[in-house]
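Here's the structure we're looking at; comments come further down.
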Amino acid sequence: MLKINPNYKRLKESYLFSEIARRVAEYSGEHPEETIIRMGIGDVSLPLCPAVIEEMQTAVREMGQAETFHGYGPEQGYDFLRRGILGYYGEFGVELEADEIFVSDGAKSDLGNILDLFSAENRVFIPDPVYPVYVDTNIMDGREVVFLPARQENGFLPMPPADTAPADIIYLCSPNNPTGAVYSREQLETWVDYAKSHHSLILFDAAYEAFISDDSPRSIYEIQGAKECAIEFCSFSKTAGFTGTRCGYTVVPKALQFDGAQLNHMWLRRQTTKFNGVSYVVQRAAMGVFTPEGRRQTKENIAYYKQNAKCMTDTLDKLGIWYTGGKNSPYVWLRCPDDMDSWKFFDLLLRQIQVVGTPGEGFGACGEGYFRFSAFSSRADTEEAMDRLYRLFK
Ligand code: PLP
C-alpha cells in the first residue's frame, strides 16, 4: 500500500491568505456598494518595463525562425544572463564566477528545492515572523525548526542566540518580509562568524535587495568569509515585476564545502537532474533588466513603490503609530494601535475604512499585535487608503 510523506500531516493549513480572502468576501457580500482597497498583497502592480518587453519580443521573434530558434537551454541558465548577474554583483563589490550562479524560475522554488541537498537530521534556525515558505519546506522534510524571535526590542533582526544549541541551517531574510527590517554590515558579520565557527550554512534571501538605498549590504557576500558559509537567493519578481513572468537566481559559491561535499557540485547535479532550465524568452527578458535602459526603468519603478511606502510612513508619523520598514523595503510593519491584536485590527480596517492589510500573526507567533502594509499597490489606492486611515485615527 502506498505510504505518503507523513510530514505533510504536520503542516498547518495555509490559513493566512485564505482567511483574509474569506473575511473580505464575507464583508463584500454584506456591503456590495463599498470599494475595498487592497494594501496587503505582495504582488506588484506596475507592468514590465519597456526594456524588458523589447528583449522579450526580440526573443519571441527569434523563436519563430529556424536560424535563431532555441530548444533546450543550459540548465544553469544562459551565459548572457549569468554574465549580466555577475556584472550586477560587481557593482556592489562582489566578485563571483559564472558557474556559481544558477538561473531559476524564481526564489520560491529554489528555497524549497535547495533542501534536497541536506539531511532531515539538520537543525534549522528560522526568524519569527518571516516568509512562511522556510518553515513549511522544512516541515515537509521533517526537520527540527527552532524559531528566533524577531521583536521590537531587537529591531526585528534576531542575532545568534547565546542560550540555544547551534543550528546547521540558518535562514536570514534582509530586507525582511514582512517586517522590512534590514541587517547592518556588523550584524551580518556576526552571523557569518557564528556560521563559520559552528560549521553552519546560512540561506540568505535577498529577494528585496533592490529596495536598499543606504549602505546596508545588498548581498551576504559583501561580508568577508560569507562565500564559505552562505547560499544566496534572489529574484527578478520584486526588482523588475517578474512575479508572473518567473525568473530568479541562486548563488552557490564553490568554496562551500560541507561533510566532504562541494555544495555547488551537488546543486548542479540536482538541477541538471530535476530541472530543465528557464525558457529562453524569459531569460532574454531578464537580461533586459541589466541593459542601461532596463536599469533606469526598473529603478524608476522601485522609486514609485518607495514613494508609496513614504506616503504610508508619513501618515503613520502624523498619527503617532509605531512602525518599522518602508525605507529600504516595500513593506511597512506597524504596531496595531491600542494594543489591538492583528486580526482585530484587520477587521477594524476592513469594516470601518474598507482597507485590507496583512495581520502580522500570519507570519509567525511573534507577529501578533503587528500589521503589514505593502507598497506594491497603485499610488492612487495608497493615497486613498492612507487618507481613510488618517481620518479614522486622527
Ligand atoms: N523570498 C521572499 C522573502 C519573498 O517575499 C518572496 C515572494 O513574495 C519570494 C522569496 C519568492 O519570490 P519569487 O517570486 O522569485 O518566487
Side-chain angles (χ1 to χ4, degrees), residues 14 16-17 20 38-46 48 52 77 81 85 88 101-115 126-138 148 150 156-158 169-183 202-212 216 218-220 230-251 271 275 277-279 282-283 285-286 289 298 301-302 305 309 325-326 328-333 357-358 360 362-364 367 372-377:
S14 102
L16 177 61
F17 289 99
I20 291 174
R38 287 164 206 276
M39 301 291 293
I41 45 159
D43 201 352
V44 294
S45 56
L46 294 172
L48 295 172
V52 165
L81 182 54
I85 295 167
Y88 181 63
I101 293 169
F102 295 76
V103 174
S104 74
D105 64 344
K108 189 181 194 174
S109 328
D110 279 5
L111 280 160
N113 294 335
I114 200 78
L115 296 175
I126 299 183
D128 168 11
V130 87
Y131 183 51
V133 168
Y134 312 154
V135 179
D136 285 355
T137 49
N138 277 288
L148 301 182
F156 290 96
L157 294 165
I169 299 174
I170 300 161
Y171 284 83
L172 299 179
C173 178
S174 179
N176 183 277
N177 177 12
T179 68
V182 182
Y183 279 110
I202 295 174
L203 299 181
F204 190 79
D205 187 342
Y208 297 96
E209 60 78 22
F211 287 80
I212 294 179
S216 309
R218 302 173 72 148
S219 162
I220 186 88
I231 292 178
E232 180 158 293
F233 302 85
C234 204
S235 168
F236 293 96
S237 284
K238 309 298 159 71
T239 305
F242 273 57
T243 51
T245 307
R246 311 301 309 142
C247 198
Y249 49 91
T250 292
V251 183
Q271 289 298 78
F275 183 58
V278 176
S279 83
V282 168
Q283 291 194 55
V289 174
T298 48
N301 288 0
I302 287 171
Y305 294 132
N328 288 315
S329 148
Y331 297 120
V332 176
W333 181 249
T358 315
F363 296 99
R372 189 189 80 173
F373 278 138
S374 142
F376 288 125
S377 300

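Since the structure is predicted, the reported quantities are computational estimates derived from the model, not experimental observations. Whatever order the structure lists ligands and atoms in, that order sets their numbers, starting from 1.
- Here F211 contributes atom CZ and Y305 contributes atom OH; the two are 7.5 Å apart, rounded to the nearest 0.5 Å.
- Of all protein heavy atoms, the one lying nearest to atom 7 (C) of ligand 1 is K238 NZ, 3.4 Å.
- Contact analysis leaves F236 out of contact with ligand 1, as no non-hydrogen atom separation drops below 4.0 angstrom.
- Residue T243 places every heavy atom at 4.0 Å or more from ligand 1.
- Distances between N or O atoms of N177 and those of ligand 1 include at least one value under 3.5 Å.
- Remark: F233 CZ to C173 SG distance equals 11.5 Å, nearest 0.5 Å.
- Within the model, atoms OG1 of T137 and OH of Y171 stand 4.5 Å from one another, a figure rounded to the nearest 0.5 Å.
- Closest protein heavy atom to atom 16 (O) of ligand 1: R246 NH2, 2.8 Å.
- Considering backbone and side-chain atoms together, S237 places an N or O closer than 3.5 Å to an N or O of ligand 1.
- The shortest side-chain heavy-atom distance between V289 and Y88 does not fall under the 4.5 Å cut-off.
- Checked against a 3.5 angstrom limit, the closest N/O atoms of S109 and ligand 1 fall outside it.
- Remark: E209 CD to S216 OG distance equals 12.0 Å, nearest 0.5 Å.
- The shortest contact between atom 9 (C) of ligand 1 and any protein heavy atom is with Y131 OH, 3.3 Å.
- When only non-hydrogen protein atoms are considered, atom 5 (O) of ligand 1 lies nearest to Y208 OH, 2.6 Å.
- Atom-to-atom distance recorded for E232:CD and L203:CG is 11.0 Å, nearest 0.5 angstrom.
- Residue contact annotation: C173 has a non-hydrogen atom under 4.0 Å from ligand 1.
- At a heavy-atom cutoff of 4.0 Å, ligand 1 is contacted by no atom of F242, backbone or side chain.
- Any N or O atom pair closer than 3.5 Å counts here, and A107 shares at least one such pair with ligand 1.
- From the protein, the heavy atom lying nearest to atom 3 (C) of ligand 1 is D205 OD2, 3.2 Å.
- At least one side-chain heavy atom of L81 sits under 4.5 Å from a side-chain heavy atom of C247.
- Taken to the nearest 0.5 Å, the CZ atom of F236 stands 4.5 Å off from the CD1 atom of I85.
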Item checked: Test ring pair (Phe, Tyr, Trp, His ring centres under 6.0 Å) applied to F275 and F102, step by step -> CA-CA 11 Å; F275 183 58; F102 295 76; over 10 Å; no
